[in-house]
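Working notes, structure below.
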Amino acid sequence: EYCYYVTAENVAGESSPSNTDCATSEESPPSTVTFTVTDGSTAVGASGGITIDLENEDPVAGFQFVLEFDPDIASIESVLGTERTAGFTISENNGFIVGFSLSGDVIESGTGPILVLDVLGDTPGVAESCLDDIVVSDPDADAMNGLSECGQFVVNDVILGCMDES
């Protein structure tokens with residue numbers, strides 16, 4: 001809390017203080033958490049694994065985001081939690097991923113994977129895999145700042161037949 005009042009000073013001296021007014025500073029800004037999508041690769045028609053890692057200084061009670069591959073060369077087959085998200089309910093639909101706990105569990109401060117994903121290679125190519133529309137909350141349901149670092153996902157073409165010269 002801080003307070004102030006005003007006085008005037010001239011040749012006759014200093015006046016009495018005006019009314020005192022006090023205020024409190026705004027709350028500290030929300031904590032920032034950083035999600036990282038790891039690199040991965042697979043072949044067309046096969047599955048490859050990637051993780052989504054989280055670096056957080058304060059506990060995280062819930063998250064949601066969209067995982068997109070640009071260009072659209074792969075699709076998510078499954079999403080599983082890790083030790084860091086034990087007790088969380090994890091859901092995925094068309095790349096939209098949500099994680100939360102109904103029993104009050106949190107992702108404790110730290111760095112490491114929070115999700116393991118199986119990704120199906122649909123079309124050959126190289127794509128940037130990024131998180132969009134990130135929403136993260138602390139145990140009081142207050143918003144946290146969510147940042148994201150993209151990964152790269154490679155889908156290799158399947159070459160059928162004999163490849164040697166014999």
Side-chain angles (χ1 to χ4, degrees), residues 27-166:
E27 293 181 27
S28 59
S31 177
T32 298
V33 300
T34 302
F35 294 91
T36 302
V37 181
T38 61
D39 295 339
S41 65
T42 192
V44 171
S47 291
I50 62 173
T51 64
I52 296 178
D53 298 347
L54 176 65
E55 181 180 341
N56 58 307
E57 291 183 11
D58 296 314
V60 171
F63 57 85
Q64 70 180 41
F65 44 74
V66 177
L67 174 62
E68 296 181 325
F69 298 95
D70 185 23
D72 188 15
I73 63 168
S75 53
I76 298 170
E77 287 193 305
S78 68
V79 179
L80 298 173
T82 67
E83 285 182 7
R84 294 194 72 203
T85 49
F88 270 55
T89 299
I90 309 289
S91 298
E92 184 274 333
N93 188 25
N94 293 323
F96 184 79
I97 300 171
V98 177
F100 61 92
S101 172
L102 292 173
S103 59
D105 292 310
V106 297
I107 303 171
E108 296 295 344
S109 302
T111 301
I114 60 167
L115 300 173
V116 177
L117 294 85
D118 274 335
V119 179
L120 177 67
D122 297 326
T123 306
V126 178
E128 189 174 51
S129 47
C130 295
L131 303 180
D132 291 318
D133 303 325
I134 298 171
V135 177
V136 190
S137 65
D138 68 13
D140 295 325
D142 292 326
M144 302 173 84
N145 292 325
L147 303 177
S148 173
E149 296 176 4
C150 297
Q152 184 180 62
F153 197 78
V154 177
V155 177
N156 297 305
D157 206 358
V158 175
I159 300 173
L160 301 175
C162 181
M163 298 306 295
D164 63 10
E165 295 182 16
S166 56

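Any value given below was found using the heavy atoms of this structure, including those in side chains, with hydrogens, waters and symmetry copies removed.
To the nearest 0.5 Å, atom CE of residue Met144 and atom CD1 of residue Ile134 are 12.5 Å apart. Atom OG1 of residue Thr36 and atom CD1 of residue Ile50 lie 12.0 Å apart, to the nearest 0.5 angstrom. Atom CZ of Phe63 is separated from atom CD1 of Ile90 by 4.0 Å, given to the nearest 0.5 angstrom. The distance from atom CG of Asn156 to atom OG1 of Thr42, rounded to the nearest 0.5 Å, is 8.0 Å. Residue Cys150 holds its SG atom at 10.0 Å from CD of Glu68, rounded to the nearest 0.5 Å. Between Leu117 atom CG and Ile52 atom CD1 the span is 5.0 Å, to the nearest 0.5 Å.
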Using distance only, find each side-chain donor-acceptor pair of residues 96-114 under 3.5 Å and give its atom names and separation, not counting sequence neighbours.
{"from": "Ser101", "atom 1": "OG", "to": "Gly87", "atom 2": "O", "distance (Å)": "3.4"}
{"from": "Ser101", "atom 1": "OG", "to": "Ser103", "atom 2": "N", "distance (Å)": "3.1"}
{"from": "Ser101", "atom 1": "OG", "to": "Ser103", "atom 2": "OG", "distance (Å)": "3.2"}
{"from": "Ser101", "atom 1": "OG", "to": "Gly104", "atom 2": "N", "distance (Å)": "3.2"}
{"from": "Ser101", "atom 1": "OG", "to": "Asp105", "atom 2": "N", "distance (Å)": "3.0"}
{"from": "Ser103", "atom 1": "OG", "to": "Asp105", "atom 2": "OD2", "distance (Å)": "3.0"}
{"from": "Ser109", "atom 1": "OG", "to": "Glu57", "atom 2": "O", "distance (Å)": "2.5"}

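The closest donor-acceptor contact from the side chain of Ser47 to the backbone of Asp118 lies at 3.5 Å or more, if one exists at all. Remark: the backbone N or O of Asn94 is paired with a side-chain donor or acceptor of Glu92 at under 3.5 angstrom. Remark: the backbone N or O of Arg84 is paired with a side-chain donor or acceptor of Thr82 at under 3.5 angstrom. The main-chain N or O of Gln152 is found under 3.5 Å from a side-chain atom of Asp39 such that the two form a donor-acceptor pair. Side-chain N or O atoms of Asp138 include one that pairs as donor or acceptor with a backbone N or O of Asp140 at under 3.5 Å.
Val119 and Ala74 get closest at one heavy-atom pair: CG1-CB, 3.5 Å. Summarising the geometry of Pro71 relative to Ala127, their closest heavy-atom pair is O-CB, 3.3 Å, with the distance given to 0.1 Å. The two atoms that bring Phe35 and Val136 nearest to each other are CE1-CG2, 3.5 Å, heavy atoms only. Residues Phe153 and Ser129 share a closest heavy-atom pair of N-OG, 4.3 Å.
Asp122 is linked by a side chain to side chain contact (heavy atoms under 4.5 Å, CB included) to Ser75, Leu120, counting only residues two or more places apart in sequence or in another chain. Under the side chain to side chain contact (heavy atoms under 4.5 Å, CB included) criterion, Ser41 pairs with Val154, not counting sequence neighbours.
Here the side chains of Leu67 and Val79 are not in contact, with every heavy-atom distance at 4.5 Å or above.
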